[in-house]
Amino acid sequence: MTTGRTTPAPRPTAGALRLVEVSTTRPRSVDISDYARQMTAHCPYLAPSLRAGLTTWTVYRADGSAEAVQAELFHAGTQAAEWLRPVLNRPHGILRCENIVLVGEVPGTRHRDLLAWPHWVLKNLYGPVGVMFGKFYAGEEEVTAAGHRIPAAPASFLPVRAAVRRRDPQFLRATPDLAAALAAADDDGRDVFEHIPTEWTEIRTWARHLLPPAKPSPSSSDRPASPPRSSS
């Protein structure tokens with residue numbers, strides 16, 4: 001059983017994400033079923049997860065400033081990760097996946113920029129305990145490392161699932177320290193917030209120091225996009 005805190009900081013940003021649908025296998029507010037079926041061709045664990053009803057979706061609507069929405073996405077991610085940690089070593093734990101879906105808009109800010117920093121912080125916090133975070137943007141077609149095209153997502157979302165230690169580090173080649181931490185992941189019940197700041201802006205500053213050195217032409221999606229100037 002984990003002892004990690006699920007609310008690492010006071011939340012003056014509470015309310016910047018409005019809950020649309022609580023965790024469900026069949027959300028009604030976004031049409032995800034066809035997309036999920038198509039994605040089974042690219043993820044060996046997804047088809048059995050869908051059949052077992054272990055892939056779930058929680059839908060939120062943005063209702064605040066860019067920085068407040070980022071903070072609340074981070075909070076939603078910690079909730080999902082802390083809920084998953086105790087169950088990942090149980091039967092079928094490897095098949096569990098909770099998806100944090102973002103709908104709605106923040107004027108002047110793309111979903112890519114809203115998800116980037118929460119995703120980066122969460123990956124670094126939870127990779128060492130074996131929880132993997134991904135990110136997909138509405139309407140954007142992705143290309144795998146092998147050059148295979150995968151369908152465009154109907155909504156932006158952060159998937160949260162058990163790390164596959166023999167497979168997932170290959171997706172993190174641009175961030176070798178993170179890849180190494182994930183490959184050696186072991187959940188010893190630690191409080192992942194024990195040695196980091198408590199306010200979102202300070203957490204983001206802490207995570208900025210974990211970025212790999214910038215390259216002249218960065219191409220990896222592992223490196224977060226720079227946050228909008230309005231939320232820096």
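- Here CD1 of I203 is found 12.5 Å from CG of N124. Values are rounded to the nearest 0.5 Å.
- Between A153 and Y35, the shortest heavy-atom distance links the atoms CA-CE1, 3.5 Å.
- Between the side chain of H119 and the main chain of F133, a donor-acceptor pair closer than 3.5 Å is present.
- Taking CD1 from I100 and CH2 from W57, the interatomic distance works out to 11.5 Å, rounded to the nearest 0.5 Å.
- Going from atom CD of Q70 over to atom CZ of R204 covers 5.5 Å, rounded to the nearest 0.5 Å.
- Heavy atoms only, all atoms of each residue included: V106 and S65 are closest at CG1-C, 4.2 Å.
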Given L178 and L182, is the side-chain contact (heavy atoms from CB on, under 4.5 Å) satisfied, shown in steps? CA-CA 6 Å; L178 184 54; L182 192 68; 5.6 Å; no
side-chain contact (heavy atoms from CB on, under 4.5 Å) between V103 and Y60: does it pass, once the steps are laid out? CA-CA 6 Å; V103 299; Y60 296 93; over 6 Å; no
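- E105 is linked by a side-chain contact (heavy atoms from CB on, under 4.5 Å) to H111, counting only residues two or more places apart in sequence or in another chain.
- Here the side chains of W200 and T205 are not in contact, with every heavy-atom distance at 4.5 Å or above.
- Nearest heavy-atom pair, I94 versus A163, reported as atom, atom and distance to 0.1 Å: CD1-O, 4.1 Å.
- Note: R161 CZ to R96 CZ = 15.5 Å, rounded to the nearest 0.5 Å.
- Across every non-hydrogen atom of T109 and A66, the tightest pair is OG1-CB, 3.8 Å.
- Contact record, A81 with V131: CB-CG1, 4.2 Å, taken as the closest heavy-atom pair.
- Considering only residues two or more places apart in sequence or on other chains, A185 meets the side-chain contact (heavy atoms from CB on, under 4.5 Å) condition with R165.
- Residues satisfying the side-chain contact (heavy atoms from CB on, under 4.5 Å) test with T56, not counting sequence neighbours, are S23, T25, E98.
- Scanning for salt bridge (charged side-chain N to carboxylate O under 4.0 Å, His left out) contacts around R18 gives D63, with sequence neighbours left out.
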Show your working on side-chain contact (heavy atoms from CB on, under 4.5 Å) between Y137 and R110 and close with a plain yes or no. CA-CA 9 Å; Y137 308 116; R110 304 173 301 169; over 6 Å; no
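- A 4.5 Å side-chain heavy-atom check between T58 and L19 finds at least one atom pair inside the cut-off.
- Residues F193 and L125 meet the side-chain proximity criterion, which asks for heavy atoms closer than 4.5 Å.
- Put simply, the side chain of W120 reaches to within 4.5 Å of the side chain of L211, judged on heavy atoms.
- Within the 4.5 Å cutoff, the side chain of D187 has no heavy atoms near those of the L88 side chain.
- Under the 4.5 Å side-chain criterion, counting only non-hydrogen atoms from C-beta, S156 is not in contact with V101.
- Checking side-chain atoms of T13 against main-chain N and O of A16 turns up no donor-acceptor pair under 3.5 Å.
- The side-chain heavy atoms of F136 and L158, taken from C-beta on, include no pair separated by under 4.5 Å.
- For the atom pair L95 CG and C97 SG, the distance stands at 10.0 Å (nearest 0.5 Å).
- Evaluation of the ring pair (Phe, Tyr, Trp, His ring centres under 6.0 Å) rule for Y45 yields no partner, not counting sequence neighbours.
- Within the 4.5 Å cutoff, the side chain of L46 has heavy atoms near those of the T40 side chain.
- For R26, the side-chain contact (heavy atoms from CB on, under 4.5 Å) criterion is met by no residue, not counting sequence neighbours.
- Between atom CG of residue L17 and atom CG of residue L114 there is a gap of 9.0 Å, rounded to the nearest 0.5 Å.
- When all heavy atoms are compared, the tightest approach of K135 to P159 is N-CD, 3.8 Å.
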For V160 and Y126: C-alpha separation, side-chain torsions, deciding distance, then whether side-chain contact (heavy atoms from CB on, under 4.5 Å) applies. CA-CA 10 Å; V160 191; Y126 285 99; over 6 Å; no
